[in-house]
Each structure stands twice: as structure tokens, then as C-alpha cells.
J.: 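The structure is given below, and queries will be raised subsequently.
So that the names make sense, note that chain A is the first sequence line, chain B the second, and so on, each numbered from 1. Reckoned from all heavy atoms, side chains included, excluding hydrogens, waters and symmetry mates.
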Amino acid sequence: MSKNKEIAEIFERMADILEFLGDNPYRISTYRRVANILSELNVDVEDLVKSGKIHHIPGIGASSVEKILEYLRTGKISKYEELKGKVPEDLLELMNVPSIGPKTLKLAYERLGIRTKDDFIRAVRSGMLATLPGFGEKKLQNIMRGIELWEKSKERMTLIEAFEIGQEYLSYMKRLGDIIERIELAGSLRRRKETVGDIDMLVSAMHENWSKIHEHFVSFPDVKDVLLKGETKSSVVLKNARQVDLRTVEPHQWGAALQYFTGSKEHNIRVRDIAKMKGLKVSEYGVFRADTDQWIGGKSEEEVYALIGMQTPPPEIRENAGEIELALEGKLPKLLSLEDVKGDFHIHTNWSDGIGSLEQMVETAYHMGHRYVVIGDHSLSSKVAKGLDMERYKQQWKEIDRLRKRYEPLGFYILKGCEVDILPDGSLDLPDEFLAEFDFVVASIHTRFSQDNTYRILKAIENPYVNLIGHPTGKSYGTREGYPLDMDRVIQLAKETGTALELNTFRADLSPENVRKCMQKGVFIAIVTDAHAPAHLRYIELGVGLARRGWAMPELVLNTKDVEGIREFVYKKRKLLAAT
DNA sequence: GCCGTTTTCGGCCCGACTGTTTTCAGTCG
């Protein structure tokens with residue numbers, strides 16, 4: 001775990017404890033804000049300390065800097081050690097349960113002597129909790145339901161899962177037809193965060209239709225439980241334990257609401273703060289004059305931001321990580337967009353472990369609007385993935401040649417590629433003379449995930465025929481951290497050799513932090529779906545979003561090149577390494 | 001705990017729903 005995340009977690013825990021103790025709420029939200037800033041930061045906190053920049057991050061004041069320095073020096077924060085002694089830590093875990101907050105826990109702790117999570121659950125079941133003032137039957141039911149829900153869905157969804165659920169729900173909602181003026185998925189899904197807690201849906205419609213819309217929303221066939229249902233706000237839990245929220249607003253409030261429900265929370269707090277300094281008030285219903293409460297705009301997001309005097313930051317970078325300052329100065333960079341993407345670099349067919357035929361994959365990519373695709377089936381040593389030997393690759397090339405006759409006249413190119421295994425000693429699973437015959441080579445690690453793999457990756461990068469390092473950090477979506485890796489050295493060597501690093505949509509590897517490093521160092525990234533079925537190809541849209549979270553610029557994304565550009569990229573590396 | 005285009009003190013984003021409550025607290029996003 002990076003130091004950023006470690007320290008962020010401690011600040012989050014301290015906030016929990018302080019909340020339980022009933023401390024100053026503003027101090028608590030400050031701690032949470034520091035935690036959030038640290039975990040969203042695209043830079044190592046250690047680097048910030050070295051450069052002294054740590055003292056100039058808005059939201060992190062002297063007292064927090066002190067704690068951060070202490071942690072880096074000693075591995076501990078004494079304030080946290082002290083706070084830990086004041087509460088039963090096990091019990092605080094329940095703070096994440098829906099319907100349970102600090103007040104409930106504290107009451108149970110003080111009045112019933114409850115010390116552990118299990119104590120608490122027993123107290124609910126035995127009816128002991130019902131003896132407390134203000135705890136009626138309904139409330140207890142909600143708490144019970146909250147505990148069940150929490151146990152089932154401790155993990156956040158992957159972006160892909162959230163996207164799938166969201167799309168299905170959207171098309172269900174659209175059956176209502178014209179009474180819905182606009183509808184969109186907001187929240188962390190719209191910001192393309194690699195994991196999503198719950199799905200936020202926003203609808204604009206005339207007020208008289210709202211109740212009908214909410215009725216329809218809670219009647220979605222996969223709904224298991226309705227958590228709340230009102231005129232403006234409803235919330236359901238699906239059979240798969242995922243939560244979906246709906247908000248309705250008037251058509252003229254659309255932009256303000258979308259801005260608000262897209263978040264992030266940190267971004268919004270900052271925006272409202274700035275609005276306030278300018279004598280304005282921003283809510284999900286619009287932008288208002290602070291003195292008279294007069295509505296002055298909010299039809300579109302652009303209008304909201306313009307009224308506050310800033311550019312509209314793309315949703316993916318709304319994390320209060322520097323985008324607000326740039327937007328105020330009118331200096332937001334132009335980020336990569338889906339329209340810039342011309343191809344995909346790493347897709348599988350049923351020649352190895354994909355479930356689509358070569359032809360199906362190509363056909364789908366063509367109809368999506370791609371101009372080219374790199375076929376990247378596994379090499380032999382990936383036995384579970386039915387890896388190909390040289391003979392079978394040659395057979396596959398014959399089929400590619402046949403398909404080329406059909407697609408090249410349409411301006412669509414099929415590049416012969418492979419995903420060659422990087423072996424334990426860093427050598428590759430196919431000989432150089434053979435690799436030289438591919439149009440494009442992806443090299444990836446599929447074994448020994450627990451060791452430091454820096455030397456293997458560096459050695460693969462040095463190979464003149466390797467153009468892209470597949471899923472470089474070995475991370476598994478949102479949860480597993482990947483193997484230890486000296487990313488700075490990898491990026492440096494990638495830069496020197498003209499090798500690209502892969503942003504793998506299926507695994508959410510590279511992280512935004514690493515994308516940003518690549519951008520700063522001038523290293524190319526390639527966004528790939530790693531598609532194993534035709535339907536996976538459309539996830540390229542999510543890959544673009546993940547790249548945008550790392551402030552990816554079109555100039556350094558391989559997918560923006562046309563097929564000649566790709567051939568040139570390959571040729572340049574071969575020439576460079578042959579010369580040295 | 002943080003911060004400053006009225007401020008180094010005194011504010012801190014803003015609103016919805018539920019439940020148990022005769023006017024609001026707790027929780028959530």
C-alpha cells in the first residue's frame with residue numbers, strides 16, 4: 001500500500017473516533033478532507049515532503065502536516081495511538097453500516113455497555129437496543145436490514161459492473177418516454193472511478209410527473225428492497241445487493257443538479273466555497289444570489305461553472321486535485337476524449353482464451369468505429385489460457401490475411417499481434433526472430449505475482465520487438481494491489497526505448513497516479529480493453545475515462561495515432577535498439 | 001482543524017428522508 005493510502009486511512013480512522021467521541025464536527029470533517037486529499041493525490045506524499053510542497057496544499061494545514069511527517073519518520077501518529085485507547089475499535093466498524101451512525105453507537109456503548117460489533121448485533125436481535133429512548137420498531141428493522149446489507153456488500157463494485165447495471169437501469173427508465181426530459185448516471189460512475197459505491201441516477205422532468213417516475217424507479221424488476229421513496233429522492237437495493245439512488249429535478253435545474261450529484265464531494269465543497277466568496281450560493285437547484293436568494297442560472301453544468309467564473313472541468317478530474325485552480329485561470333488542459341480513439345491494442349479471440357471468433361471480434365471493432373485493432377492472443381506458456389505456439393500463430397495470420405482483404409478496402413486494419421508471456425527470468429516466451437514478424441507486440445507477466453517483478457519488466461522493455469507492457473503493475477481490479485514494482489524505473493526505461501505502458505480497462509491498471517507520471521515524463525500509454533468477447537470492446541469508453549482521471553493528453557495516447565502512426569512507433573523502437 | 005477580496009476569530013455546503021417527535025434529531029449523500 002502506498003504511503004498516501006496508509007496515512008489517509010489513519011486520518012479516516014481518527015475522524016471515526018472523534019465522531020464517536022462527539023468532538024467538534026468541523027475538526028472531524030477536516031480529518032476526512034485530509035484523508036480524501038491524500039488518497040486522491042496524484043503524487044507520492046513522500047515526494048511532496050521532499051520538495052516542501054506539502055506545506056502548500058489547500059486543506060492540509062500545519063497540524064496535519066506535522067502528523068504526516070511524524071508518520072513518515074516513525075511509522076506512527078501519536079494522536080491516533082492516543083485516540084485508539086479511548087474507544088472499542090471493533091465497534092467503530094459498524095459506523096459504515098447504513099442507518100447506524102456515531103450517535104447510535106455511542107448510546108449503545110454508554111447505556112448498554114456494548115463493546116464489540118458482535119455485542120451490538122446481539123443487542124439488536126435480543127431486543128435490548130429497543131429499550132433505548134428513540135428506538136422504535138421501524139428503526140430497529142432498518143438497522144437489522146443495514147447490517148445484512150453491509151455484510152453482503154462490503155466491497156464496492158468495479159467500474160465495469162456499475163456501468164452494466166447503470167446501462168440496464170437507464171434503458172428501463174427510458175421506457176417512460178417523454179415525461180423524462182433528461183436522464184443521466186452521475187456520481188463516481190460518471191467520474192469513472194475504478195470502484196463505485198452506489199449508482200446515482202438523475203432525472204429532470206416536470207414536477208407533476210415526479211411521483212410517477214419514482215414509482216417506476218422502485219418497480220425495476222431487480223429491486224429487492226426499497227430503502228426510501230419520496231417525491232424527489234428514492235433509493236433501492238437490487239437483488240445483487242447493489243444500491244441505486246434516484247433524484248428528480250425540474251428541467252431548468254438540470255445543470256446544477258448534475259454538477260452537484262457528479263461530485264466529488266471535495267470538488268463541490270470547494271466550488272461552493274468559491275461561489276460564496278463571489279456573493280453566490282450554489283445548490284443542486286441552481287446558482288443563486290446569496291443576498292436575495294434570486295435564481296440566476298443552472299440549466300447546464302457549463303452555465304453553473306461560468307457563473308462562478310470558471311471553466312467546466314471534465315467529470316473525471318473533479319477531485320479537488322488542482323483542477324479548480326486551473327479552471328479559475330481558464331487553463332484546463334485538453335484531455336483525451338473517446339472521439340480521439342482510433343483502435344484497440346490488446347484483444348483476445350477463441351484462438352486462445354477469448355470467446356469470440358477472430359471474425360466476430362474484428363466485425364464488432366469495425367462497427368464501433370475503430371480504424372484498426374491489434375489481435376493479441378496469448379503465447380504458449382499461458383497454458384490455462386490455451387496459449388498459441390508459433391505454428392498456430394502462423395495459421396492465425398492466414399485467417400487475418402483473409403479478413404484483411406475484406407476490411408482494408410473499408411479503411412479498417414487488422415494488425416497481427418500477440419500477448420507474449422514474460423517468463424520468470426524476464427525473457428520472452430517467443431524468440432526474437434519470430435516476434436519480428438508481428439506488427440505489434442504486447443508483453444505481460446502472468447506468473448509469480450507476489451515477488452518484485454521490476455527486473456522482468458525492465459528486461460522485456462529492452463527487447464526491440466516489445467511495444468507495449470501489458471497490465472504493468474499486476475493489479476487486480478480495485479482490490480489487489482499488484483506486485484512490488486519500481487514504477488519510476490519502468491517509466492524511465494519506457495521513455496528511453498520508445499515503449500508504451502498499458503492502461504488495462506479490465507483490471508484498472510495503470511492507476512491515475514501512474515498515468516499522470518507517464519504524462520509528465522512523456523511516456524506513451526495505450527488504452528486497451530483486453531476484450532475476451534465482442535461485448536467487451538465497448539468498455540474502451542471506460543478505459544478512456546480511467547485515463548482521463550490521470551489527466552491523459554491525446555498526444556501521449558497511442559490509440560490516437562492512425563495505423564501509419566502505429567507502424568512508425570514500432571519501426572522507431574526497432575531501429576533505435578538495433579543501432580545501440 | 002483550516003482559512004482569509006469584510007475576518008488571525010469565527011465561521012465552516014446544503015438539502016432530503018425517516019422515525020418518533022409535538023418541533024426535531026439522526027443519517028445520508
J.: Could you measure between the two C1' atoms, the one in B:dC2 and the one in B:dC13, and give it in whole Å?
T.: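 B:dC2 and B:dC13 have their C1' atoms separated by 15 Å.
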
J.: Residues from residues 73-82 of chain A sitting under 4.0 Å of DNA chain B, heavy atoms only?
T.: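 None, since no heavy atom is under 4.0 Å.
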
J.: Distance between the C1' atoms of B:dC9 and B:dT27, in whole angstroms?
T.: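 It works out to 31 Å between them.
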
J.: Will you find, in the side chains of A:S511 and A:E513, an N or O donor that is under 3.5 Å from an N or O acceptor?
T.: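 No.
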
J.: Among B:dT18, B:dA16, B:dG1, which nucleotide has an atom closest to any side-chain atom of A:T232?
T.: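 Selected nucleotide (nearest to the side chain): B:dA16.
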
J.: Nearest whole angstrom, please: distance from the C1' of B:dT20 to the CZ of A:F135.
T.: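 Going from CZ in A:F135 over to C1' in B:dT20 covers 11 Å.
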
J.: Checking A:H536 against A:T529: is there a side-chain donor and acceptor pair closer than 3.5 Å?
T.: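 Result is no, nothing qualifies.
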
J.: Would you call A:D119-A:R115 a salt bridge at under 4.0 Å N-O?
T.: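 The answer is no: the pair does not qualify as a salt bridge.
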
J.: Any sub-3.5 Å donor-acceptor pair from A:T104's side-chain atoms to A:I100's backbone N or O?
T.: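 Checked: no pair found.
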
J.: Rounded to whole Å, how long is the line connecting atom CD1 of A:I57 with atom P of B:dC3?
T.: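 Taking CD1 of A:I57 and P of B:dC3, I get 11 Å after rounding.
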
J.: By nearest nucleotide on DNA chain B, pick out whichever of A:S283 and A:R33 is the more 5' one.
T.: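 Per heavy-atom nearest nucleotide, the more 5' residue is A:R33.
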
J.: Scan A:S64 against the nucleic acid and name what it touches under 4.0 Å (heavy atoms): base, sugar-phosphate only, or nothing.
T.: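 It contacts sugar-phosphate atoms only.
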
J.: How far does the P atom of B:dT6 sit from the matching atom of B:dC17, given to the nearest Å?
T.: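 Taking atom P in both B:dT6 and B:dC17, they lie 36 Å apart.
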
J.: Could you work out the separation of B:dC28 and B:dT23 based on their P atoms and round it to a whole Å?
T.: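 The same atom, P, in both gives a distance of 25 Å.
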
J.: Under a 3.5 Å threshold, yes or no: a donor from one side chain and an acceptor from the other, between A:Y71 and A:E6?
T.: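 Looking only at side-chain atoms, A:E6 and A:Y71 do form a donor-acceptor pair, the distance falling under 3.5 Å.
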
J.: Taking atom P in both B:dG10 and B:dG15, compute the distance separating them and give it to the nearest angstrom.
T.: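 Looking at atom P only, B:dG10 and B:dG15 are 25 Å apart.
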
J.: Between A:Y285 and B:dA16, is there a side-chain N or O to OP1/OP2 distance below 4.0 Å?
T.: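 Yes, because at least one side-chain N or O of A:Y285 sits under 4.0 Å from OP1 or OP2 of B:dA16.
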
J.: Is there a donor-acceptor contact under 3.5 Å linking the side chains of A:S78 and A:E70?
T.: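 Looking only at side-chain atoms, A:E70 and A:S78 do form a donor-acceptor pair, the distance falling under 3.5 Å.
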
J.: Please find the pair of heavy atoms, one from A:A321 and one from A:W551, that lie closest to each other, and give the distance.
T.: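 Minimum heavy-atom separation between A:A321 and A:W551: O-CZ2, 4.2 Å.
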
J.: Write down the atom of A:V249, the atom of A:W210, and the distance for their closest heavy-atom approach.
T.: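 Closest approach of A:V249 to A:W210: C-CZ2, 3.3 Å.
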
J.: So what does A:E137 hit on the nucleic acid, given a heavy-atom distance under 4.0 Å: a base, only sugar-phosphate, or nothing?
T.: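 Sugar-phosphate, backbone atoms only, no base.
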
J.: Compute whether any side-chain donor of one residue and acceptor of the other, for A:D509 and A:N504, lie under 3.5 angstrom apart.
T.: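 Side chains of A:D509 and A:N504: no pair found under 3.5 Å.
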
J.: With a 3.5 angstrom cut-off on both distances, give the Watson-Crick or G-U wobble partner of B:dC14, or none if there isn't one.
T.: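 WC or wobble partner is B:dG29.
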
J.: Pull out every protein N or O sitting under 3.5 Å from an N or O of nucleotides 6-12 of chain B, one pair per line with the distance.
T.:
from: B:dC12; atom 1: OP1; to: A:K276; atom 2: NZ; distance (Å): 3.4

J.: Check whether the side chains of A:Q259 and A:N268 place a donor and an acceptor atom closer than 3.5 Å, and report yes or no.
T.: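 Yes, A:N268 and A:Q259 have a side-chain donor paired with an acceptor closer than 3.5 Å.
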
J.: Rounded to whole angstrom units, what separation is found between the CZ atom of A:F11 and the C1' atom of B:dC2?
T.: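 Spelled out: CZ on A:F11 to C1' on B:dC2 is 12 Å.
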
J.: State which residues pass ring pair (Phe, Tyr, Trp, His ring centres under 6.0 Å) with A:F217; sequence neighbours excluded, sorted by chain then number.
T.: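 Expected list: A:Y169.
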
J.: Answer with base, sugar-phosphate or nothing: what part of the nucleic acid does A:G187 contact at a heavy-atom distance below 4.0 Å?
T.: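 Touches nothing.
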
J.: Not counting sequence neighbours, which residues clear side-chain contact (heavy atoms from CB on, under 4.5 Å) with A:K299? List them please.
T.: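 Counting only residues at least two positions away or on another chain, A:K299 forms a side-chain contact (heavy atoms from CB on, under 4.5 Å) with A:H252, A:W295, A:E303.
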
J.: Measure CD/A:Q253 against C1'/B:dG15 and give the value in whole Å, please.
T.: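 Value for this atom pair: 12 Å.
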
J.: In residues 291-312 of chain A, which ones come under 4.0 Å of DNA chain B, going by heavy atoms?
T.: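 Going residue by residue through residues 291-312 of chain A, none turns out to have a heavy atom under 4.0 Å of DNA chain B.
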
J.: Is a donor on one side and an acceptor on the other found under 3.5 Å between the side chain of A:S264 and the backbone of A:R318?
T.: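 Side chain of A:S264 to backbone of A:R318, a donor-acceptor pair under 3.5 Å: yes, one is there.
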
J.: In whole Å, what is the span from the CZ atom of A:R27 to the P atom of B:dG1?
T.: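 Rounding to the nearest Å, CZ of A:R27 and P of B:dG1 are 4 Å apart.
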
J.: Is the shortest distance from a Lys or Arg side-chain nitrogen in A:R175 or A:E168 to a carboxylate oxygen in the other one below 4.0 Å?
T.: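 A:E168 and A:R175: not salt-bridged.
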
J.: Salt bridge or not for A:E316 and A:R190, using N-O below 4.0 Å?
T.: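 Salt bridge absent between A:E316 and A:R190.
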
J.: May I ask you to check whether A:N142 and A:R145 show a side-chain donor-acceptor distance below 3.5 Å?
T.: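 A:R145 and A:N142 do have a side-chain donor-acceptor pair below 3.5 Å.
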
J.: For atom P, what is the distance between B:dT5 and B:dA16, given to the nearest Å?
T.: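 Result for the P pair: 30 Å, nearest Å.
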
J.: A:H267 has an atom NE2; how far is it from atom P of B:dC13, in whole Å?
T.: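 Going from A:H267 (NE2) to B:dC13 (P), I get 15 Å.
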
J.: How close or far is atom C1' of B:dG19 from atom CG of A:L107, stated in whole angstroms?
T.: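 Distance, rounded to whole Å: 15 Å.
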
J.: Contact class for A:V271 (heavy atom, under 4.0 Å): base, sugar-phosphate, or nothing?
T.: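 A:V271: no heavy atom of the nucleic acid under 4.0 Å.
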
J.: Atom CH2 of A:W210 and atom C1' of B:dC17: how far apart are they, to the nearest Å?
T.: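 My rounded result for the distance is 15 Å.
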
J.: What string of B, S and - do you get for nucleotides 21-29 of chain B, 5' to 3', if B is base contact, S is sugar-phosphate-only contact and - is no contact with any protein heavy atom under 4.0 Å?
T.: -----SSSB

J.: In whole Å, what separates the C1' atom of B:dT7 from that of B:dC14?
T.: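 So the two C1' atoms sit 23 Å from each other.
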
